[in-house]
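Have a look at the structure below before the remarks.
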Amino acid sequence: MQIRLYNTMTRKVEDFVPITPNHVGFYGCGPTVYWDQHIGNMRAFFNNDMLKRMFLANGYTVNHVMNITDVGHLTSDEDTGEDKMEKGAARENLSVWDVANKYMNSCFSDMDLLNIMRPTHTPRATDHIKEQIELIQKLEKLGFTYEIPGDGIYYDTSKLHDYGKLGGQNLSELRGGARIENNNKRNITDFALWKFSPTDVKRQMEWDSPWGVGFPGWHLECSAMSMKYLGNHFDIHTGGQEHIKVHHTNEIAQSEPIVGAPWVHYWVHWAWLMLKDGKMSKSSGTSYTVRGLIERGYDPMAFRYLLLQGHYRQPMDFAFESLDAAAAGYKNMVRKIADLMAAGDTEPVNQDLYNEWHDKILTPISDNLKTAETLVVVQDMLKNQTINTPTKLALLDFVDELLGLQLADRAKKLLAAESETAPAEIQELAAKRADAKKNRDFALADELRAKIDSAGWTVTDIPGGFKLVKKQ
RNA sequence: GGCUUGGUGGCAGAGUGGUUAUGCAGAGGACUGCAAAUCCUUGUAUGCCGGUUCGAUUCCGACCCAAGCCUCCA
């Protein structure tokens, strides 16, 4: 099936043509591991996951690389900026290395909870200092660097004729004085490749280099590690939309002089998950984690379902009201599937119908990841009267693989919970209630139902009797 | 200020040059002593102003508003 993706470089939805047939290599910017990743961060990782699942469903092999940024970078190119890693270490009274490990693992565990497949490679910046230094040396040889004494090695953006092409903005269009200027930089857009350690403070993370002790600039790791794990040219580079103008622009600047243009064939950018009143941020206490959602009683799959209803290029408003709606929608879907499973239909799978609907499901998601439309097709499929139950269940297995919603798993759990036999005293109460109903003593019947309810069971009337289901 | 995206029903959020998804919520009905579940039916929207067109929510332009980047950020 023809895959189409919006390419930020050309600002168009394009047919995807892989470098190697039936194989895709892609790099998605990963987390800076100084704190928990909030659900906004997770939306980006979820999008990478959907991109990957879409390719897998289309028969591709996938090499997915996600970096772990564990080097502390200054929050600006100034010496006065804060270092997030060092700040996190101070906050928790841990070494920067322990902070990195702790939050890398918590990020992975949140990804697991959301059923996000692990990337093929998750290289850490601190494990690739050598590669980063080598990259600077290559740029140095080509004449793209200059040193600001006592500060670092910088990239001279005026040396690259098409600098800024990804963001559609040239040097002269940037607003002068909009940010604090480093007076020693040659151009407003120049950025650090290597920063020297400050002389007055001992950094926990620093390395030797041909230019002096210090640490790499924050754009460098992505160039160095993507080349190492994906080769000099690869298919797709993804990241949050805020990376277009600076981070990805600078990655291109570092890479294309060395490997030749185009370095990356398709640039795909994810829009943010917004709060009603602005962006999600840790400082304002408005960030939620996946584990936080679970503590509030939500199935992480409800959040996944919510994300699937939107489109990756569209900012999405997050509110508990909309998460509730998604949770209800997801639960209804699981209910329907559990009913299909319980039907025990032994008809054979209709292969023609299976193929037809398989393609119907795969088509919209292959067209620039229109997951919402795929969800619509799934709803249509569930409602469709001409598809028999075994065919529907086979299609749902495919849907689970494609969308990662764990529908079959939840449906089975639901059925298991419903088939659990109630303890004798609950059975007895339910039997008494049935008697009360027979005697038309509805007051007593309702009282008994309340009793059963508070004991953790739900009694429902079914034709010819009653059913006891343990409350979830 | 510049560059880039967008503005759709009560909420979230798709598609589409002419009959406007889907989910949740709402309303009515079937079923039930009442519930629950399920099923059926159903209302409500395309920021504003122009233009192109037989016809625009869809194309074009201006404006207004929002978001992203220009400063660490998914």
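Computed from a predicted structure; not experimentally measured.
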Looking across every strand, which nucleic acid part, if any, lies under 4.0 Å from Lys370(A) by heavy atom: base, sugar-phosphate, or nothing?
sugar-phosphate

Between U5(B) atom P and Trp272(A) atom CH2, what is the distance in whole Å?
18 Å

Arg43(A): which residues meet the side chain to side chain contact (heavy atoms under 4.5 Å, CB included) condition with it, sequence neighbours left out?
Asn47(A), Ala271(A), Leu273(A), Leu307(A), Met316(A)

If you look at every strand shown and take non-hydrogen atoms under 4.0 Å, does Gly28(A) touch a base, only sugar-phosphate, or nothing?
nothing

With sequence neighbours left out, write down each residue that passes ring-ring contact (aromatic ring centres under 6.0 Å, His included) with His64(A), or none if nothing qualifies.
Phe26(A)

Check: Gln241(A) side chain, His269(A) main-chain N or O, donor-acceptor pair, under 3.5 Å:
no

Using whole Å, what does the distance between atom C1' of nucleotide G13(B) and atom CZ of Arg304(A) come to?
18 Å

Any residue meeting ring-ring contact (aromatic ring centres under 6.0 Å, His included) with His265(A), in chain and number order, not counting sequence neighbours
none

Side chains of Tyr229(A) and His128(A): any donor to acceptor distance under 3.5 Å?
yes

side-chain hydrogen bond (donor to acceptor under 3.5 Å, both in side chains) with Asn250(A): which residues, sequence neighbours excluded?
Tyr163(A), His219(A)

Touch class at under 4.0 angstrom, heavy-atom based, for Lys438(A) against every strand present:
nothing

Pairwise C1' distance for C63(B) and G10(B), with rounding to whole Å
29 Å

So, does Tyr27(A) use its side chain to make a donor-acceptor pair with the main chain of Leu230(A) at under 3.5 Å?
no

Protein-nucleotides 28-30 of chain B N/O pairs under 3.5 Å:
none

Just checking Arg449(A): base, sugar-phosphate only, or nothing, at a heavy-atom cut-off of under 4.0 Å?
base

If you look at every strand shown and take non-hydrogen atoms under 4.0 Å, does His311(A) touch a base, only sugar-phosphate, or nothing?
sugar-phosphate

Which value, in whole Å, describes the distance between the C1' atoms of nucleotides A12(B) and U4(B)?
25 Å

Inter-nucleotide C1' distance (A66(B), C60(B)), Å rounded
22 Å

Tell me the interatomic distance from Met333(A), atom CE, to G23(B), atom P, rounded to whole angstroms.
9 Å

With a 4.0 Å cut-off on heavy atoms, is His243(A) in touch with a base, just the backbone sugar-phosphate, or nothing at all?
sugar-phosphate

For Trp218(A) and A74(B), what is the distance between atoms CH2 and C1' respectively, to the nearest whole Å?
12 Å

Give a yes/no on whether any side-chain N or O of Thr8(A) is located under 4.0 angstrom from OP1 or OP2 of U5(B).
no

Integer angstrom distance from the C1' of A36(B) to that of C31(B)
12 Å

Classify Met316(A) by what it touches in the nucleic acid, base, sugar-phosphate, or nothing, heavy-atom distance under 4.0 Å.
sugar-phosphate

Enumerate the salt bridge (Lys or Arg N to Asp or Glu O under 4.0 Å) contacts for residues 456-467 of chain A, please, sequence neighbours excluded, ordered by first and then second residue.
Arg433(A)-Asp461(A), Lys437(A)-Asp461(A)

For G6(B), does either OP1 or OP2 sit under 4.0 Å from a side-chain N or O belonging to Arg313(A)?
yes

Hits for ring-ring contact (aromatic ring centres under 6.0 Å, His included) against Tyr305(A), two or more places apart or cross-chain, chain-then-number order -> none

Between C1' on A21(B) and CD1 on Ile361(A), what's the gap in Å once rounded to a whole number?
16 Å

Just to be sure I follow the notation: if a pair is Watson-Crick (purine N1 to pyrimidine N3 plus N6-O4 or O6-N4) or a G-U wobble (N1-O2 and O6-N3), each under 3.5 Å, what dot-bracket string does RNA chain B give, with | for pairs to another strand?
(((((((..(((.....[...))).(((((.......)))))....(.(((..]....))).))))))))....

Could a donor-acceptor pair under 3.5 angstrom be found where the side chain of Asp446(A) meets the base of G33(B)?
yes

Contacts of Phe46(A) meeting ring-ring contact (aromatic ring centres under 6.0 Å, His included) (sequence neighbours excluded), chain-then-number -> none

G23(B) C1' sits how many Å from Lys383(A) NZ, rounded?
9 Å

Span that lies between the P atom of C48(B) and that of C64(B), in whole angstrom:
15 Å

So does Asn384(A) get a backbone contact from the side chain of Lys392(A), meaning a donor-acceptor N/O pair under 3.5 Å?
yes

Please tabulate, one pair per line, each protein N/O and nucleotide N/O from nucleotides 36-45 of chain B that are separated by under 3.5 Å, including the distance.
none

Checking Asp409(A) now: which residues fulfil salt bridge (charged side-chain N to carboxylate O under 4.0 Å, His left out) with it, not counting sequence neighbours?
Lys413(A)

Indicate whether the side chain of Glu251(A) and that of His243(A) have a donor and an acceptor atom separated by less than 3.5 Å.
no

Nearest whole Å is fine: how far is U32(B) C1' from Arg440(A) CZ?
11 Å

Salt bridge (charged side-chain N to carboxylate O under 4.0 Å, His left out) partners for Asp345(A), two or more places apart:
none

For the P atoms, the ones on U8(B) and on U41(B), what distance do you get once it is rounded to whole angstrom?
29 Å

A56(B) and G43(B), which share atom name P, separated by this distance in whole Å:
24 Å

Give me the distance, rounded to whole Å, that separates G47(B) from A14(B) when you measure between the P atoms they each carry.
14 Å

